[in-house]
Amino acid sequence: MTDAPPEHRPPTAAPSRRVPEDEPAVSAVLLASTSDDAAAAIAALLAQTAAHPATDAGPLVSTLLLVDSSPDGLGDLEALAAPARQAGASVLVTRLPERKSARRALRDLVASLPTHDGRRDLVWILTSRCRPQPEALTRLVGAVARGVAIATPKLVDVADPGVIVRQGIQVTRAGRLVPTPRSGERDQGQHDDALDVIAGPLEGLLVDRQAYLDLDGHHASLGELGADLDLGWRAHRRGLRVVAVPDARVAVVPRSDERRPGSDHRAQARSVALARGTALSLPLRALGGALVSGLLALGLLLIRRPDLATEELALVKGSLSPRLLPAVRRRGSSAEVGRRDLSTLFVADDQARRRLVDDIRGADERLDGRTAGGDTGSVLRSPLPYLLLAAVAMSAWAGRFITGELRDGPDGGLVGGELLGGRATARSLFAAWRDAWNGSGVGAAGEQSPALLLLAAASWVVERLPGGDQTGSPAGVVLTVFVLAALPLAALVAYRAARVVTPARWVRALLGLGWVATPVAAAAAGEGRVGALVAIVLLPRVGAGVVRASRAGPGSSDAVRTALWAAVVGVFVPALGLLVVLVGLGLLLRGGPGRRGRGIALAAVPLFLAGPWLLTLRAEPLRLLAGWGTTSHGDLPEGWRLAAAAPGGPGEIPLWWYLPVLLLAILGLVVGRAALSVAAAVVAVLGAAGAVVSPFVVLGTVPAGTPGAGLDIHPWPGTGGLLVTVGLLVLAGLGVTGLPAATGRARQVARALPAVTLAVGVLGSAALVALTSFGDGLTTWRDERPRIAIEAAEGPLASRTLVLARADGRLTSRLVGREAPQLVRDLPRPMTEEGVSREVAALLGLGASGRTPVDVALGTWGIGYVTMHHPTKEDEVAIDSTPGLRRMSDGEGTTTWSVRPDAMGARTPSRARLVGEDGSLTLDGLADHSASVRSHPVQGPGRIVVGEAVGWTEHAVVTGDRTPLVLDTRSAAPTYAVPEGVSEVEIAVDVGHATWKWVMLGALVVALYLALPTDRRTPREEDR
């Protein structure tokens, strides 16, 4: 450093300044990089005011040291310093030595300042970008009490002093920077309670001169932020305090590394944290920190966050930095405060984790004062809990008859309406989707909906809950819980989705409640229409995602997430999934570059995730208009009611309650945003047209043996009604919030009228739905088989039960085994019951038996039990007289017989047996449709007889010692010759389109990866 010219050396105190003996003397060091900024900083410095100014008081700063830190020089420093000298301050001027940073030279600069006998010397460090507010210095000096060595101000934006840039330095003990508050956050005093901090930035720092020199100044080898952090850390270890002074504000022009710490600053903070720890543990902490940060960086790369991964790699760099060793050597041995005693100065690890999660999600808490300390996020002021309470109350009271039924035994689920009931586990549901031959009874070939996979996953969770493995039907429990919880969940989803319509939270809450307080929603819940309930829950989210995808802007992850939800809706209600695919194709063909990419996601993802089920839809295109619980039969309401989203069934309320919503929809069409209002109107018209046309579309007939047998099956009008409801509510929301701002009182009242109208209509509809109820069509399902029959079906023999019933003078029969039945009504599958009907006729004496005795024929099918509901006296006599059948029990109109053919050793039949010269051998260890769980030891020669349909042989392979066995095509049941010498037999059912299903699962993984929320959300999208 070059000394100041002799004529500029000040006396021991400024002569014009009258001060008490104990008032601190303040000197200022101004690191000037540009002339203009230095002049502005000097002007702000001279404008500092005292708390109690004397009439003849001079500047608060007794000495100004003007340091030329510009690489090219500032020119005439005397001219820059002239205003300070004229104000009565002593001025020193100097220039930084070449190749020496400001922090490295700062100790010598501070040491060169004059001292004041009998007074405490303070040094205020400023840079030329600092613009301290007039009261900043006074408040900093007031905060430097005994024991305080460093005071740091609140740095604010020079363009908007109400925005915080930085307030101290916040770091975890491990050296992870967690700026709090975030740069750019609106200053509302929410962080003013943070006094003690670990360190502060250089700009505006007020230090005790003697303490600063005792600390040996900044250690510039640690970098800029590293040196600042290290100085404060060492001060605390010496027993000195570092405090933040929130009401002392210094305005600066924010730098990029202040808006978000850069890689260099993160690495420096990690190095300081390691250097200030114990020397013995340094290698372990450095390697451990590098390993953890490296793994985090790899994970962030996998979730497509390369920016955050770069920041983690900076921590790896800081952990292994060569700066560590010099910093450790300079740590000194005069620490007075233990490391554990500084724990309150560091950011807690859980807070750092939450910040990392927020960064991954792209959340930003800076805006409009919406922070953890603000009251705008108050739970009591948010409509969300009130919406949830209203939706739960409406659903609970409307479903009072359903929940009453569940008190007797909820572990089997519900039956009635569109719920068919039945025992299904995660394993059986997965097998039904995986296998080429699947379904209940003897099964059939064909691909089933991937909805089975979703139900299997939920059932797997239920089975692993305490007592879940003892439930009568885990899948039935899942469906029951979903039916009961669907409407409250849908209200919450609609509330969040309505942000694309309006930011007004209370209006969104009314729209969410209005979405579930409709006849179509009540009918779906009261009749157990699972597919419609899935659509009610997810359709608002899908619709909002489609709206966002059609708007200009970067980012595609939201479109992929929308496509995933659309795929879920599509596997339950294919027509709605197809509608999203068509919208995606429209964006692809007519949209701009960004919209085309999002259109590809909307069109491709649902198709890829449908998998081989597309083959079923191609072979039976009418299934596109059906779905899980989205078909109807019998009488339907008039066309105008269908167009008004009233499909009939439970929850039917007077439609005049919807007149307010209709009027608001008309208003929204006039005053709403053009594109969104027109799109909503088109959706409503298409839905109304679909609902009106649905009674004229015949998809099939109700099969025999089920209620309504022989009636035509139509698409459920409520599917179109959902679209009508979506369109009208969107238009109503636009009508409520689309009016221009009002100034006069009369206009304000007129502007509030639409909101009041919406509230009256929605709340009235919700009350009527609750009073009308969901009906009593759903009741508790109970397995019609005795416990011993269930255990035999689930056991290694995989035996079946033949269930007979007489209804309306007609005899029906079906086989019930371990396979998952159809739990929700859809278009019936062409099931193969060949041979069974002939044996049933022979059993009841209604037809002649074949060459095989009835008991042996039943045993060949693996039928171990026969159950009949309300048998006639003749039925009982016929079955009782059949050899091999023994009556077991009677109760509640149901009689059960066991099937123990003497030709099979009077044992419970198995679906597969080895027939040899010495008789038959039952094979055990069987799963769905006779697939082997393990190999079966046998001794040939003989024949393997499998109790499956002949068509099963095209999708299964029977091997002996891993060699395919030859099928005997002359036998009525699948029969395979077992050569002599074969020791093991296995039965395998083919996986249907295995390669395609693997591709489908791979596409799911890719879609989930692309759906990760990497698009940074704008402040408007944050919700509280």
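- Taking each heavy atom of V762 and A517 in turn, the nearest pair found is O-CB, 4.4 Å.
- To the nearest 0.5 Å, the span separating CG on L419 from OG1 on T480 amounts to 7.0 Å.
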Which is it for T562 and R541 under the side chain to side chain donor-acceptor pair (under 3.5 Å) test, yes or no, and what are the steps along the way? CA-CA 7 Å; T562 300; R541 169 61 182 86; 3.0 Å; yes

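- Between the side chain of R548 and the main chain of D558, no donor-acceptor pair closer than 3.5 Å is present.
- A heavy-atom distance below 4.5 Å is not found between the side chains of R260 and P179.
- Without hydrogens or angle criteria, R825 side chain to G629 main chain gives no donor-acceptor distance under 3.5 Å.
- In this structure, S449 contributes its side chain and V571 its backbone to a donor-acceptor pair below 3.5 Å.
- Shown are N438, D435, D826; of these, the side chain to side chain donor-acceptor pair (under 3.5 Å) with Q448 is made only by N438.
- Using a 4.5 Å heavy-atom threshold, the side chains of S428 and T425 count as touching.
- Partner of F572 under the ring pair (Phe, Tyr, Trp, His ring centres under 6.0 Å) criterion, chosen from W628, W565, F482: W628.
- At a threshold of 4.5 Å between non-hydrogen side-chain atoms, the residues R355 and R176 do not count as touching.
- The environment of CZ in R464 is crowded: more than 12 heavy-atom neighbours from other residues, nucleotides or ligands sit within 6.0 Å.
- Of the residues listed (R353, R182, R354), the one engaging D359 in a salt bridge (Lys or Arg N to Asp or Glu O under 4.0 Å) is R182, and it is the only one.
- When all heavy atoms of S382 and P385 are compared, the pair lying nearest together is O-CD, 3.3 Å.
- Atom CG of L614 is separated from atom NE2 of H993 by 11.0 Å, given to the nearest 0.5 angstrom.
- Within the cation-pi definition used here (under 6.0 Å to the ring centroid, within 45° of the axis), K997 qualifies as a partner of W433.
- L625 is listed as a side-chain neighbour of L699, based on a closest heavy-atom distance under 4.5 Å.
- No donor-acceptor distance shorter than 3.5 angstrom exists from the side chain of T631 to the backbone of A626, with no hydrogens or angles considered.
- Across T737 and A504, no two heavy atoms sit closer than the pair CG2-CB, 4.2 Å.
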Using the rule given for side-chain contact (heavy atoms from CB on, under 4.5 Å), can you reason through E311 versus L300, listing the C-alpha separation, both sets of side-chain angles and the distance that settles it, and then say yes or no? CA-CA 10 Å; E311 295 176 355; L300 291 168; over 6 Å; no

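- Annotation for V520 and P647: closest pair CA-CD, 3.9 Å, computed over non-hydrogen atoms.
- Here the side chain of E418 pairs no donor or acceptor atom with the backbone of V530 at under 3.5 angstrom.
- Annotation for L729 and G514: closest pair CD1-C, 3.9 Å, computed over non-hydrogen atoms.
- At distances below 3.5 Å, at least one donor-acceptor pair connects side-chain atoms of Q822 with backbone N or O atoms of V824.
- Separation of atoms CG (L1012) and CD1 (I360) is listed at 9.5 Å; rounding is to 0.5 Å.
- For the side chain to side chain contact (heavy atoms under 4.5 Å, CB included) criterion with V583, the lone passing option out of L578, L588, V546 is V546.
- Listed for the S694 side chain is a donor-acceptor partner under 3.5 Å among the backbone atoms of A691.
- Contact of the L479 side chain with the L455 side chain is registered, since non-hydrogen atoms from C-beta on lie closer than 4.5 Å.
- What you find for A509 and Y495 is that their closest heavy atoms are N-CD1, 3.6 Å.
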Does the side-chain contact (heavy atoms from CB on, under 4.5 Å) test come out yes or no for V671 and L734, once each step is laid out? CA-CA 7 Å; V671 302; L734 294 175; over 6 Å; no

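- A salt bridge links K317 and D264; the closest N-O separation between the charged side-chain nitrogens and carboxylate oxygens is under 4.0 Å.
- In this structure, the side chains of V178 and T172 come closer than 4.5 Å at one or more pairs of heavy atoms.
- The closest donor-acceptor contact from the side chain of S395 to the backbone of V392 lies at 3.5 Å or more, if one exists at all.
- Judged by distance alone, with hydrogens and angles left aside, the side-chain atoms of W515 form a donor-acceptor pair with the main-chain N or O of I536 at under 3.5 Å.
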Under the side-chain contact (heavy atoms from CB on, under 4.5 Å) rule, what do L177 and V347 come out as? Steps first, then yes or no, please. CA-CA 9 Å; L177 287 174; V347 177; over 6 Å; no

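- Contact check for W506 versus Y386: side-chain heavy atoms found under the 4.5 Å cut-off.
- When atom types are taken as modelled, the side chain of T616 and the backbone of E447 share a donor-acceptor pair closer than 3.5 angstrom.
- Between D928 and R427, at least one side-chain N (NZ, or NE/NH1/NH2) sits under 4.0 Å from a carboxylate O, which counts as a salt bridge.
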side-chain contact (heavy atoms from CB on, under 4.5 Å) between M394 and L487: does it pass, once the steps are laid out? CA-CA 9 Å; M394 184 198 76; L487 296 191; 4.2 Å; yes

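- Residues V726 and L722 fail the side-chain proximity criterion, which asks for heavy atoms closer than 4.5 Å.
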What's the verdict on salt bridge (charged side-chain N to carboxylate O under 4.0 Å, His left out) for D307 and R305, showing C-alpha distance, side-chain angles and the deciding distance? CA-CA 5 Å; D307 52 341; R305 293 310 304 260; 3.1 Å; yes

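- Interatomic distance, L585 CG to L602 CG, rounded to the nearest 0.5 Å: 9.5 Å.
- Between atom CD of residue E312 and atom CG of residue L295 there is a gap of 10.5 Å, rounded to the nearest 0.5 Å.
- Rounding to the nearest 0.5 Å gives a distance of 9.0 Å between CG of L1010 and OG of S557.
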